[in-house]
Amino acid sequence: MRVRAWADSATKAARALLLLLLILASPALASGPQFPALTGRVVDDAGILRASTKRQLTDMLAERERATGDQVVVVTLASLQRYPIEEYGYELGRYWGIGQKGKNNGALLIVAPNEHKVRIEVGYGLEGQLTDAKSRAIIDNYILPSFKRGDFNFGILAGATEMVRALGGNPPDEGAPTWLANRRPRLQVLQVFSTLQTARHRRLCCCFSSSL
């Protein structure tokens, strides 16, 4: 009888522990990543953009949308909340609903400065214009050189400009742009690129780290 009573007590304790673990884990599993509000064509959640940069970006992206219907949004993130940028960016695009319904003609330039990650995500409606090769050239030649100097404003503006230029049928330069040639970076950068394919999205991600 004592053995049985001990076994029953151990079973109850195990069930109670399991229930406690489920209760503690369920909010994190159920909530998922938290997304900033889509307040405009520029969402500076990380707080790294100057007011003048936001105005330039907003004007340029608004003109692009008026002319073609293509929707391009620039977003900086304070945190990826421990999610891979691929997963977070994909879910963010779905949550915001970037692009016209039925056309999927949206694109995101995502910058997570605290995690040192950059990503370009393109809806399949724009894949023929903003290809993997063009996205790679934009990140490598236009965004990262400025990021290596800590100049996020210049890099984001340059990258968004080249995204719009590529969507207009003009590919970005294959080499370093002339207006960056004299701005030699003083930091070393490790670049890791990965391209992921899905039925609806092509995603180019760049992770970068810098040191003096």
Side-chain angles (χ1 to χ4, degrees), residues 32-46 48-49 53-81 83-113 115 117-143 152-153 155-172 193-207:
Q34 301 299 306
F35 302 118
L38 180 59
T39 54
R41 295 175 177 86
V42 179
V43 179
D44 186 24
D45 185 55
I48 59 175
L49 297 178
T53 304
K54 294 178 186 178
R55 286 194 298 269
Q56 287 180 274
L57 288 167
T58 298
D59 291 345
M60 176 178 64
L61 300 180
E63 177 59 32
R64 177 66 193 177
E65 185 172 349
R66 284 193 295 267
T68 66
D70 298 339
Q71 295 179 355
V72 180
V73 174
V74 173
V75 55
T76 72
L77 299 171
S79 173
L80 292 170
Q81 303 164 41
Y83 285 87
I85 192 172
E86 296 86 357
E87 180 180 347
Y88 188 98
Y90 174 71
E91 294 297 336
L92 177 63
R94 294 183 61 189
Y95 180 80
W96 279 353
I98 301 300
Q100 295 175 317
K101 186 177 181 179
K103 293 185 178 181
N104 288 286
N105 57 340
L108 290 174
L109 173 56
I110 306 171
V111 178
E115 287 92 348
K117 294 184 180 179
V118 183
R119 164 188 174 89
I120 291 178
E121 180 172 338
V122 183
Y124 69 78
L126 299 179
E127 287 183 351
Q129 298 157 279
L130 192 54
T131 64
D132 287 341
K134 291 177 182 177
S135 296
R136 182 183 295 270
I138 289 170
I139 291 176
D140 193 18
N141 297 331
Y142 293 86
I143 297 177
F152 289 104
N153 284 263
I156 289 173
L157 183 58
T161 299
E162 290 307 309
M163 286 176 66
V164 170
R165 184 168 174 245
L167 290 174
N170 298 314
F193 293 94
S194 63
T195 303
L196 302 179
Q197 297 285 343
T198 68
R200 293 176 57 84
H201 294 272
R202 186 197 70 257
R203 299 173 287 169
L204 180 68
C205 167
C206 173
C207 306

K.L.:
Are T53 and I156 packed together at the side-chain level, in the sense that at least one heavy-atom pair is separated by less than 4.5 angstrom?
P.N.:
no

K.L.:
side-chain contact (heavy atoms from CB on, under 4.5 Å) with P33: which residues, sequence neighbours excluded?
P.N.:
F35, Q81, Y83, Y88

K.L.:
Could you work out, with side chain to side chain donor-acceptor pair (under 3.5 Å) as the rule, every residue matching S79, not counting sequence neighbours?
P.N.:
none

K.L.:
Return the CE to CD1 distance between M163 and I143, rounded to the nearest 0.5 Å.
P.N.:
7.5 Å

K.L.:
Contact between E115 and I85 at the side-chain level, heavy atoms closer than 4.5 Å - yes or no?
P.N.:
no

K.L.:
Going from CG on L167 to CZ on R64, what distance comes out if it is rounded to the nearest 0.5 angstrom?
P.N.:
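Result: 5.0 Å between the selected atoms.
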
K.L.:
Report yes if the side chains of V73 and L61 come closer than 4.5 Å at any heavy-atom pair, otherwise no.
P.N.:
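When only atoms from C-beta onward are counted, L61 and V73 do not touch, as no gap falls below 4.5 Å.
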
K.L.:
Would you confirm whether N105, through its side chain, and Q100, through its main-chain N or O, come within 3.5 Å as a donor-acceptor pair?
P.N.:
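Yes; judged by distance alone, with no hydrogens or angles, the pair exists.
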
K.L.:
Tell me every residue that passes side-chain contact (heavy atoms from CB on, under 4.5 Å) with T58, counting only those two or more places apart in sequence or in another chain.
P.N.:
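Listed in chain order: V42.
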
K.L.:
On a heavy-atom basis, which atom in L92 and which in P36 lie closest, and how many Å separate them?
P.N.:
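Closest approach of L92 to P36: CD1-CD, 4.4 Å.
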
K.L.:
Distance check, rounded to the nearest 0.5 Å: L77 atom CG versus I110 atom CD1?
P.N.:
6.5 Å

K.L.:
How long is the straight-line distance from CD of E121 back to OG of S135, given to the nearest 0.5 Å?
P.N.:
11.0 Å

K.L.:
For L57, which of D44, L49, L109 qualifies under side chain to side chain contact (heavy atoms under 4.5 Å, CB included)?
P.N.:
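Of all the options given, the one that passes is L49.
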
K.L.:
Under the rule for salt bridge (Lys or Arg N to Asp or Glu O under 4.0 Å), what residues qualify as partners of E65, not counting sequence neighbours?
P.N.:
R41

K.L.:
Donor-acceptor check, side chain of E162 to backbone of Y142, threshold 3.5 angstrom: yes or no?
P.N.:
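Flag not set: sc E162 to bb Y142 has no pair under 3.5 Å.
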
K.L.:
Applying side chain to side chain donor-acceptor pair (under 3.5 Å), can you list everything that pairs with D45, at least two apart in sequence or on another chain?
P.N.:
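Result, side chain to side chain donor-acceptor pair (under 3.5 Å) vs D45: none returned.
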
K.L.:
In Å and rounded to the nearest 0.5 Å, what is the CG to CZ distance from N141 to R136?
P.N.:
11.0 Å

K.L.:
Hey, are the side chains of T76 and F152 touching, using non-hydrogen atoms and a 4.5 Å cut-off?
P.N.:
no

K.L.:
What distance do Q129 atom CD and T131 atom OG1 have between them, rounded to the nearest 0.5 Å?
P.N.:
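Q129 CD to T131 OG1: 10.0 Å, rounded to 0.5 Å.
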
K.L.:
List for me each residue that meets side-chain contact (heavy atoms from CB on, under 4.5 Å) alongside D59, sequence neighbours excluded, and say none if there are none.
P.N.:
none

K.L.:
Would you mind listing every salt bridge (Lys or Arg N to Asp or Glu O under 4.0 Å) that reaches into residues 71-81, with sequence neighbours excluded?
P.N.:
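The answer is none; no pair qualifies.
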
K.L.:
Could you check whether any side-chain heavy atom of E63 comes within less than 4.5 Å of a side-chain heavy atom of M60, counting everything from C-beta outward?
P.N.:
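Contact flag for E63/M60 side chains = no.
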
K.L.:
Determine whether I98 and L108 make a side-chain contact, defined as any pair of heavy atoms from C-beta on separated by less than 4.5 Å.
P.N.:
yes

